[in-house]
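A, B, ... follow the sequence lines: proteins, then strands. Residue 1 opens every chain. These numbers come from the heavy atoms of this one structure, side chains and all, not from hydrogens, waters or symmetry mates.
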Amino acid sequence: MSDILPANPAQRAARIEFHQLFNWFASAERDLPWRAGDVTPWQILVSEFMLQQTPVARVLPIWPDWVARWPTPSATAAASQADVLRAWGKLGYPRRAKRLHECATVIARDFADVVPDDVDVLQQLPGIGSYTARAVASFAYRQAVPVVDTNVRRVVARAVHGQPDPGAPSTKRDLADVEALLPNADQAPRFSAALMELGAIVCTARSPRCDGCPLRHSCSWRLAGSPPGTGPKRPAQRYAGTDRQVRGRLLDVLRDNAVAVTRADLDLAWPADAVQRERALTSLLGDGLVEQLADGRFALPGQDRNDSTASR
DNA sequence: TAGGCGTGGAG
DNA sequence: TCTCCAAGCCT
């Protein structure tokens, strides 16, 4: 059927076997709750925030409770930052939670509580970059825009370009690559979802399951004999002992305490290195993820100061 | 544009 | 144990 070929005949040279891909997706698609039919654009946006650099398995237990508690931008905006940061829990990169809250505030205030459907408008919102803007436009609003995440980049690198791994990210080139593959309007969102799914569960970074790949007969990388990659692009990002770990420890203390804590409480979270601890705390204050009260204690921003020593 | 930013599971 | 990596964004 021509309707699932690339819209431009010249682009058909790009070797993605659409029928195979769609057929595979029809049976292999994971039953993820944010893909259900009654999910709103805002709730899809929430899932995209959570999925930024965080595996599906970790988002799965958080998202349903979150969207039940705060179903709309205005409901989210009405919550305190402290409540949002606690609900975010240990998903990681808590700045995302703060930006999600800011994003909700802007949408409630400036967009009548309706998530914008324009990629360029979306991308101006806090915490929304190229990928997230396009994911919302495509998955929530069914637009035929390219959606490029790390999975798509990897699948295209292999299936189309015959490379074991994607090159350095280049938004412009990556978008052009996927644009050239995109089927016509109706099929585009499902195509993007299928490509991402393929990258997530078959064409994986570490040990691709090529035997079960719907593109195995046309994949350029496969046809080239699956030459090995050259290792990670970005040098191993260590975690143990870094400021990020210290920030995580400090924030963990604050999440666990309903009342403001003292500096001594924070010292216990990272006793070994006072200099590093102070640096981490300063950066958290700078990021607006922690605030210091007039009495010197520390709390999550907007937290109730329901403590005996609080003057009021 | 390179590097900072959490966390934990898999190999 | 240790390394890699997971639906990125921001400066």
Using a strict cut-off of less than 4.0 Å between a Lys/Arg side-chain nitrogen and an Asp/Glu carboxylate oxygen, indicate whether [X] and [Y] qualify as a salt bridge.
X      : Y      : value
A:E29  : A:R190 : yes
A:R154 : A:D149 : no
A:R86  : A:D256 : no
A:R134 : A:E48  : no
A:D267 : A:R277 : yes

Does [X] reach a base, just sugar-phosphate, or nothing at all? Heavy atoms under 4.0 Å.
X      : result
A:R134 : nothing
A:R153 : nothing
A:W34  : base
A:A205 : sugar-phosphate
A:S283 : nothing
A:L250 : nothing
A:R279 : nothing
A:R58  : base
A:S207 : nothing

Need two values: the first and the last nucleotide of DNA chain B, 5' to 3', having an atom under 4.0 Å from any heavy-atom of chain A.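 Terminal contacting nucleotides, 5' to 3': B:dG3 to B:dG8.
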Could you check how far [atom1] of [X] sits from [atom2] of [N], rounded to whole Å?
X      : N      : atom1 : atom2 : result
A:L289 : C:dC9  : CG    : C1'   : 14 Å
A:D165 : C:dC5  : CG    : C1'   : 12 Å
A:D287 : C:dT11 : CG    : C1'   : 12 Å
A:M196 : C:dA6  : CE    : P     : 12 Å
A:R99  : C:dC10 : CZ    : P     : 6 Å
A:E48  : C:dA6  : CD    : C1'   : 14 Å
A:Y93  : C:dA6  : OH    : P     : 12 Å
A:L91  : C:dA6  : CG    : C1'   : 12 Å

Taking atom [atom1] in both [N] and [M], what distance in whole Å separates the two?
N     : M      : atom1 : value
C:dA7 : B:dC5  : P     : 22 Å
B:dG3 : C:dC4  : P     : 16 Å
B:dG8 : C:dC10 : P     : 24 Å

Given C:dT3, C:dA6, C:dC9, the nucleotide with the shortest approach to the side chain of A:R238: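 Nucleotide nearest to A:R238's side chain: C:dT3.
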Quick check: on DNA chain C, is the nucleotide nearest A:T132 upstream (toward 5') of the one nearest A:T54, or the reverse? Name the residue that is more 5'.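 It is A:T54 whose nearest nucleotide is closer to the 5' end.
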For A:R154 and for A:P126, locate the closest nucleotide of DNA chain C by heavy-atom distance; then report the residue assigned to the nucleotide nearer the 5' terminus.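 Its nearest nucleotide being more 5', the pick is A:R154.
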Side-chain N or O of A:T204 less than 4.0 angstrom from OP1 or OP2 on C:dC5?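 False: A:T204 side-chain N/O out of range (4.0 Å or more) of C:dC5 OP1/OP2.
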Just to confirm, is there a sub-4.0 Å distance from OP1 or OP2 of C:dG8 to any side-chain nitrogen or oxygen of A:Q52?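 No, because none of the side-chain N or O atoms of A:Q52 sits under 4.0 Å from OP1 or OP2 of C:dG8.
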A:R255: what forms a side chain to side chain donor-acceptor pair (under 3.5 Å) with it, not counting sequence neighbours?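 For A:R255, the residues satisfying side chain to side chain donor-acceptor pair (under 3.5 Å) (neighbours in sequence not counted) are A:D252.
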For a quick check under 3.5 Å, do A:D174 and A:T171 share a side-chain donor-acceptor pair by atom type?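 The answer is no; no qualifying pair exists.
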For A:R238, look at atom CZ and say whether over 12 heavy atoms of other residues, nucleotides or ligands are found less than 6.0 Å away.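 No, the 6.0 Å shell around CZ holds no more than 12 heavy atoms from other groups.
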Does any donor-acceptor pair link the side chain of A:R206 with the base of C:dC4 at a separation under 3.5 Å?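 It does, because a donor-acceptor pair links the side chain of A:R206 to the base of C:dC4 below 3.5 Å.
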Keeping to residues at least two apart or across chains, list the salt bridge (Lys or Arg N to Asp or Glu O under 4.0 Å) pairs with something in residues 101-110 of chain A.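 Only A:K98-A:E102 qualify under salt bridge (Lys or Arg N to Asp or Glu O under 4.0 Å).
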